[in-house]
Amino acid sequence: MRRRAKRDLMTLVGLIVIVASVVGVNGYLRREGFRAQFEKMRALVEDKHREEGVSLIEWKELHQVTGRRKTGATFPDSLKGKDGRLVNIVGFMSPIDQFRNVTEFMLLPVPLICYFCDAPPMRDIIQVKLREPANMVNEPVLIGGRLRLHEGPGPLFFYTIEDALWNEAVKDE
């Protein structure tokens with residue numbers, strides 16, 4: 001190759017690298033901005049339900065859970081005390097396999113922006129099994145039902161809320 005063609009090719013490659021870097025950093029920063037917006041949306045819905053007298057589990061409490069799928073979860077005592085009890089939590093619905101008439105979905109503290117590059121940690125995913133089918137929505141929802149903690153190695157989810165109500169609070173016995 002001639003010297004000038006090599007130089008032009010290297011200039012083009014350099015420009016592509018620079019543009020790709022700018023796009024990547026911009027996307028990363030935008031995702032962080034989205035996360036803050038979604039957390040604020042969830043906090044507003046949580047505050048509204050607390051004003052109505054609804055007792056809610058905090059996502060901060062779930063963030064104290066440690067472990068991996070292979071080894072299993074280690075739950076704090078405060079959460080172990082809620083195993084098998086009726087609880088309420090506000091989060092974002094994320095589909096497992098369908099969008100309409102769902103009876104099972106994942107509940108997350110913030111919605112997934114990209115399924116491939118932004119997978120949440122296991123402690124941030126709650127499997128919800130609804131009593132009656134509902135359609136997926138892109139806003140924070142209140143879920144009330146019976147919390148089940150899954151201990152031991154290999155669980156698909158660390159926690160499940162069974163017999164759940166969608167946008168309805170439940171009162172513990």
Side-chain angles (χ1 to χ4, degrees), residues 34-173:
F34 283 145
R35 183 175 183 87
Q37 284 180 319
F38 289 126
E39 285 177 348
K40 195 181 295 183
M41 284 174 59
R42 189 188 76 234
L44 289 171
V45 173
E46 287 172 341
D47 291 344
K48 181 188 116 195
H49 288 298
R50 280 192 190 95
E51 288 173 5
E52 296 169 353
V54 176
S55 174
L56 298 172
I57 287 184
E58 295 280 338
W59 284 98
K60 291 176 188 173
E61 186 174 10
L62 298 179
H63 290 162
Q64 296 172 9
V65 174
T66 59
R68 297 188 318 255
R69 183 174 181 198
K70 186 176 180 179
T71 60
T74 303
F75 299 105
D77 292 336
S78 63
L79 200 55
K80 284 182 181 179
K82 295 176 181 165
D83 188 21
R85 310 226 20 208
L86 293 174
V87 297
N88 298 297
I89 190 165
V90 174
F92 290 86
M93 299 171 78
S94 186
I96 292 176
D97 61 358
Q98 59 193 30
F99 290 92
R100 297 191 187 279
N101 295 323
V102 298
T103 55
E104 274 189 55
F105 61 90
M106 297 179 291
L107 191 71
L108 304 166
V110 295
L112 289 176
I113 295 169
C114 174
Y115 285 92
F116 303 105
C117 58
D118 205 18
M122 290 276 297
R123 67 171 192 243
D124 277 359
I125 305 170
I126 302 173
Q127 178 187 27
V128 176
K129 296 181 179 183
L130 289 174
R131 190 181 296 174
E132 295 178 17
N135 292 329
M136 300 296 290
V137 295
N138 291 326
E139 57 192 42
V141 295
L142 173 66
I143 299 296
R146 192 164 305 279
L147 179 67
R148 298 286 181 206
L149 304 180
H150 304 290
E151 298 188 69
L156 191 55
F157 297 98
F158 285 171
Y159 355 78
T160 301
I161 296 180
E162 300 172 340
D163 201 27
L165 299 173
W166 184 80
N167 270 345
E168 281 187 55
V170 294
K171 293 192 189 268
D172 197 11
E173 299 89 30

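Everything numeric in this text was worked out from a predicted model, so none of it was measured.
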Q.
Consider side chain to side chain contact (heavy atoms under 4.5 Å, CB included). Of Arg35, Met41, Gln37, which one does Val110 pass it with?
A. Arg35
Q.
Can you tell me how the ring of Phe38 sits relative to the ring of Phe92, calling it parallel under 30°, perpendicular over 60° and tilted otherwise?
A. perpendicular
Q) Step by step, would you call Glu58 with Arg50 a salt bridge (charged side-chain N to carboxylate O under 4.0 Å, His left out)? A) CA-CA 12 Å; Glu58 295 280 338; Arg50 280 192 190 95; 2.3 Å; yes
Q) Is a donor on one side and an acceptor on the other found under 3.5 Å between the side chain of Asn88 and the backbone of Ser55? A) yes
Q: To the nearest 0.5 Å, tell me how far Arg85 CZ sits from Arg148 CZ.
A: 12.0 Å
Q: Would you indicate whether the side-chain heavy atoms of Leu79 and Val65 approach each other to under 4.5 Å?
A: yes
Q) Are side-chain heavy atoms of Pro153 and Thr71 found at a separation under 4.5 Å? A) no
(Q) I want to check something: taking the side chain as every heavy atom from C-beta on, are Gln127 and Glu104 in contact at a cut-off of under 4.5 Å? (A) yes
Q | Nearest heavy atoms of Ile161 and Gly144, plus distance in Å | A | CG2-C, 4.4 Å
Q) Would a 4.5 Å heavy-atom cut-off, applied to side chains only, mark Phe158 and Ile126 as touching? A) no
Q. Side chain to side chain contact (heavy atoms under 4.5 Å, CB included) between Lys48 and Val45: does it pass, once the steps are laid out?
A. CA-CA 5 Å; Lys48 181 188 116 195; Val45 173; 5.5 Å; no
**Q.** CA sep, side-chain torsions, deciding dist, call: Val90, Ile143, side chain to side chain contact (heavy atoms under 4.5 Å, CB included)
**A.** CA-CA 6 Å; Val90 174; Ile143 299 296; over 6 Å; no
Q | Side-chain heavy-atom pair Val128, Met106 within 4.5 angstrom cut-off | A | no
Q. Where is the tightest heavy-atom contact between Leu56 and Ile89, given as atom of each residue plus distance?
A. CD2-N, 4.0 Å
Q: Taking the side chain as every heavy atom from C-beta outward, state whether Val137 and Met93 have any atom pair closer than 4.5 Å.
A: yes
Q) With the threshold set at 4.0 Å, does a side-chain nitrogen-carboxylate oxygen contact exist between Arg131 and Glu162? A) no
**Q.** Heavy-atom side-chain proximity of Glu39 to Pro109 below 4.5 angstrom
**A.** no
Q: Return yes if some donor-acceptor pair links the side-chain N/O of Trp166 with the main-chain N/O of Val141 below 3.5 Å, else return no.
A: no
(Q) Between Tyr159 (side chain only) and Arg123 (backbone N and O only), is there a donor and an acceptor less than 3.5 Å apart? (A) yes
Q: Hey, could you give me the OG1/CD distance between Thr103 and Glu132, rounded to the nearest 0.5 Å?
A: 11.5 Å
Q: Can you see which heavy atom on Pro155 is nearest to which on Gly72, and at what distance?
A: CD-CA, 4.4 Å
(Q) Run Asp83 and Phe75 through side chain to side chain contact (heavy atoms under 4.5 Å, CB included) and show every step you take. (A) CA-CA 10 Å; Asp83 188 21; Phe75 299 105; over 6 Å; no
Q. Would you call Arg146-Asp163 a salt bridge at under 4.0 Å N-O?
A. no
Q: Could you check if a side-chain atom of Leu86 sits within less than 4.5 angstrom of a side-chain atom of Lys171, using non-hydrogen atoms only?
A: no
Q: Write down the atom of Leu107, the atom of Gly91, and the distance for their closest heavy-atom approach.
A: CD1-C, 3.5 Å
Q) Counting only heavy atoms not in Glu52, do more than 12 sit closer than 6.0 Å to its CD atom? A) yes
(Q) Walk me through whether Asp124 and His63 qualify under side chain to side chain contact (heavy atoms under 4.5 Å, CB included). (A) CA-CA 7 Å; Asp124 277 359; His63 290 162; 2.7 Å; yes
Q: Measure the NZ-CG distance between Lys80 and Leu147 for me, rounded to the nearest 0.5 Å.
A: 13.5 Å
Q) Taking the side chain from Asn101 and the backbone from Pro133, do they hold a donor-acceptor pair closer than 3.5 Å? A) no
Q) Of the non-hydrogen atoms in Val102 and Gln98, which two are nearest, and what is the gap between them? A) CG1-O, 3.2 Å
Q | Minimum-distance pair of heavy atoms, taken over all atoms of Pro120 and Leu108 | A | CG-CD2, 4.0 Å
Q | From CG (Leu62) to CE (Met122), nearest 0.5 Å | A | 12.5 Å
